Amino acid sequence: MRIPDPALVVLVGPSGAGKSTWAAARYRREEVVSSDALRGVVGSGPHDLDATEEAFTLLERIVDARLARGLTTVVDTLGLDAERRSRWLLAARGAGLPAVLVLMDTPDAECRRRNSSRDRPVPASALAGQLRRHRELVRAAEAEGWDLVHRVEPDTGRVADSAAERTVHRTTPERRTSQGLRVVLQVSRFPWGEDPAGWMAAIARAADEAGFAGLALMDHLIQIPQVDRAWEPIPEPWVTLGLVAGLGTGLSLGTLVTPVTFRPAGITAKAAATLDALTGGRAFVGVGAGWWAREHAAYGLDLPPARERLDALAAAIETMRALWAPGTKAYDGQRVSLPETTCYPDRPDASR
Ligand code: GTP
Ligand code: MG
């Protein structure tokens, strides 16, 4: 069932029913007006019950202001107060917006289970009262005059986040578009909050499921101004790709692009060969000449003139190819001479 947009969306469900989670997955943060969040603004935190009255005063003002501008407004409270519901419904009518009631159908036992595993559970007696009032409301909701009553099916299944529950691709499937292209998701921003590894894994799994042929990471030492602010996280990509390599996706992995000014070419060849071995042949290498003076200066790296960098790029490609080639014999090429080319682990398919 499609929820209209813009609309007033009023969430209803006991603690732990999953209201905030549902809203966060579907709406922008600014669209969700949450009594818990506002308790955190005017009180000591989302659980500061002494701040409830002021939090709701603010909530009502925000709801009115947003609706008057015709903006989508998701009201994230328990939703069990009939007087407030009817006021929000009237405000939506006044603004000419559809009014939607979202009922969480999470089973009581599941709410109790989630509640008890929280840092600050609601007391059992309070939760019992919420569950009772919620059941009454479920019966009466249709009569309240909402344009749509949307019921959220219970999802008691574990969130499918373990690699074991997913298809594990051991070889690279031919992930091509109808024109024969292989499309790679390039990740250049890393807004991973408190959970870098979890965020990165979720992005990679989503890319895998969406059918991308691969995943690439930007290689910079400081986040570039074209993308985000300098103090936002920008991880070392080869280390990060090691984490993605362990997820069992079918994605090809590499960087777009690794500047030859950052690491000696042999070291990049080694990192890529290792990634290739660990992923069963799913590594690729993107290389460039490097360009951003600021990150080079900050990390004590040389940034020679463009002509020299382009020569270095050509030499780097030659070095990597020589090291990846089968065998260990000496290499004497156009720009590069190496006394031996011993680079193990080997690429499973060195002709690739
Ligand atoms: P209150 O703010 O206390 O009223 O709760 P809420 O209804 O906003 O619940 P919230 O979205 O905070 O979810 C409570 C807990 O249940 C969190 O730990 C969520 O991660 C988990 N949860 C929420 N939705 C789902 C779901 O669809 N499936 C599963 N398995 N867990 C969920
Ligand atoms: Mg919540």
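Owing to the predicted nature of the structure, the values given are computational and were not obtained by experimental measurement. For ligands, and for the atoms within them, numbers begin at 1 and follow the listed sequence. In what follows, residues are counted from 1 in the order of the sequence shown.
When only modelled atom types and interatomic distance are considered, R39 and T52 share a side-chain donor-acceptor pair under 3.5 Å. In this model, a donor atom of one side chain and an acceptor atom of the other lie less than 3.5 Å apart for T258 and W238. Neither side chain, S15 nor N115, offers a donor N or O lying under 3.5 Å from an acceptor on the other. A donor-acceptor contact closer than 3.5 angstrom is absent between the side chains of W231 and Q223.
Proximity of L11 to ligand 1, defined as any heavy-atom pair under 4.0 Å, is not found for any part of the residue. Neither the backbone nor the side chain of S117 has a heavy atom within less than 4.0 Å of ligand 1. The proximity of M104 to ligand 1, defined as any non-hydrogen pair under 4.0 Å, does not occur for either the backbone or the side chain.
Of the N or O atoms in G18, one or more lie within a sub-3.5 Å distance of an N or O in ligand 1. Backbone and side-chain nitrogen or oxygen atoms of W22 are examined, and none is located within less than 3.5 angstrom of a nitrogen or oxygen of ligand 1. Considering backbone and side-chain atoms together, T21 places an N or O closer than 3.5 Å to an N or O of ligand 1.
A salt bridge links D147 and R93; the closest N-O separation between the charged side-chain nitrogens and carboxylate oxygens is under 4.0 Å. D105 has a carboxylate O that lies under 4.0 Å from a charged side-chain N of R151, or vice versa, which qualifies the two as a salt bridge.
Heavy atoms of G13 stay at 4.0 angstrom or farther from ligand 1. For the ligand labelled ligand 1, residue P14 lies inside the 4.0 Å heavy-atom shell. For the ligand labelled ligand 1, residue R118 lies inside the 4.0 Å heavy-atom shell.
The option with the heavy atom closest to atom 1 (P) of ligand 1, from among E153, R120, K19, is K19.
Taking each heavy atom of V74 and A23 in turn, the nearest pair found is CG1-CB, 4.1 Å.
Scored by the side-chain hydrogen bond (donor to acceptor under 3.5 Å, both in side chains) test, R189 finds D228 as partners (sequence neighbours excluded). Not counting sequence neighbours, E308 has no partner by the side-chain hydrogen bond (donor to acceptor under 3.5 Å, both in side chains) test. Remark: Y27 engages no residue in a side-chain hydrogen bond (donor to acceptor under 3.5 Å, both in side chains) (not counting sequence neighbours).
A distance of 6.0 Å or more separates the ring centres of H296 and W291.
Note on the Mg ion (ligand 2): protein N/O/S atoms under 2.8 Å are S20 OG.
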